[in-house]
Amino acid sequence: MALRIWASSAAKALKLSSTGNGARAAAAPAFSISRFFSTVQDGLKYTPSHEWVKLDGDGLATVGITDHAQDHLGEVVFVELPEPGATVSAGGSFGNVESVKATSDVNSPVSGEVVEVNSKLSETPGLINTSPYEDGWMIKVKPSSPGEADGLLDAAKYTKHCEEEDAH
């Protein structure tokens with residue numbers, strides 16, 4: 001089940017509160033992207049710099065940027081990614097995302113070898129906006145340090161991190 005977090009600028013502008021009775025609109029899809037909410041998915045690990053990693057059953061790690069990150073970036077217009085075979089380090093930059101607002105480095109949550117790059121992003125970088133956890137993934141990595149992702153944030157801790165970050 002996806003957790004909802006407030007995107008600070010919209011919530012503050014509308015003077016909305018993230019506290020309440022916890023009720024959700026029944027018609028709202030679980031992974032909708034709207035102007036007011038960012039989606040955080042259970043089962044993924046997150047970095048404080050807003051990247052996510054999904055450890056697949058085949059031993060690979062799929063990496064992308066979070067819905068929260070893409071929401072703050074705005075419309076993504078260009079993505080620069082490494083070539084397959086490149087080595088990435090946990091916490092190190094592997095590429096960047098250019099939006100109508102800014103250009104931001106993207107850091108790898110895990111160390112290892114890039115085995116696949118999402119080639120769809122070169123022609124359709126907006127997939128990061130419309131589907132950050134599915135079609136908008138960026139790279140697949142063969143991790144060199146099993147268990148490295150264990151130290152990353154789970155969905156609840158990442159949600160809390162975003163709420164605290166947006167409060168400032």
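Below, all heavy atoms of this structure are taken into account, side chains as well, without hydrogens, waters or symmetry copies. What you are looking at is a predicted structure, and each value in this text was computed from that prediction instead of being measured.
A heavy-atom distance below 4.5 Å is not found between the side chains of V40 and D67. Side-chain atoms of W137 and E116, non-hydrogen and from C-beta on, do get closer than 4.5 Å to each other. Using a 4.5 Å heavy-atom threshold, the side chains of H72 and K101 count as separate. Residues I65 and V106 are in side-chain contact: their nearest non-hydrogen atoms beyond the backbone lie under 4.5 Å apart.
Annotation for V88 and V110: closest pair CG2-O, 3.7 Å, computed over non-hydrogen atoms. In plain terms, the two heavy atoms of L55 and A149 that are nearest each other are CD1-CB, 3.9 Å. When every heavy atom of F94 is checked against every heavy atom of L81, the shortest pair comes out as CE1-CD2, 3.9 Å. What you find for T66 and Y46 is that their closest heavy atoms are CG2-CD2, 3.6 Å. Between P143 and G59, the shortest heavy-atom contact is CD-O, 3.2 Å. Residues S99 and L73 share a closest heavy-atom pair of OG-O, 2.7 Å.
Side-chain contact of E51 with S49: a donor-acceptor pair under 3.5 Å is present, judged by distance alone. Using modelled atom types, one finds a donor on one side chain and an acceptor on the other under 3.5 Å when comparing D56 with T62.
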| CA sep, side-chain torsions, deciding dist, call: S111, E148, side chain to side chain donor-acceptor pair (under 3.5 Å) | CA-CA 8 Å; S111 301; E148 187 172 44; 3.2 Å; yes

| request: Determine, step by step, whether T47 and N107 satisfy the side chain to side chain contact (heavy atoms under 4.5 Å, CB included) criterion, reporting the C-alpha distance in whole Å, the side-chain angles of both residues, the deciding distance to 0.1 Å, and the verdict. | output: CA-CA 9 Å; T47 68; N107 301 320; over 6 Å; no

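In this structure, V114 is not a member of the same hydrophobic cluster as L60, with clusters built from ILVMFWY side-chain heavy atoms closer than 4.5 Å.
C162 SG to K160 NZ: the interatomic distance, rounded to the nearest 0.5 Å, is 12.5 Å. Distance check: K45 NZ to L152 CG gives 7.0 Å after rounding to the nearest 0.5 Å. Annotation: the span from D105 atom CG to E80 atom CD amounts to 9.5 Å, rounded to 0.5 Å. In this structure, K120 NZ and I128 CD1 are separated by 13.0 Å, a value rounded to the nearest 0.5 Å.
No donor-acceptor distance shorter than 3.5 angstrom exists from the side chain of D154 to the backbone of D42, with no hydrogens or angles considered. A donor-acceptor pair under 3.5 Å is absent between the side-chain atoms of Y158 and the main chain of Q41, judged by distance alone. Of the possible polar contacts, one joining the S122 side chain to the S119 backbone as a donor-acceptor pair under 3.5 Å is found.
Aromatic pair H161/H50: centroids less than 6.0 angstrom apart.
A side-chain contact (heavy atoms from CB on, under 4.5 Å) with M138 holds for exactly one of V63, L127, L121, N118; it is L121.
Judged by the 6.0 Å and 45° rule, K54 forms no cation-pi pair with W52.
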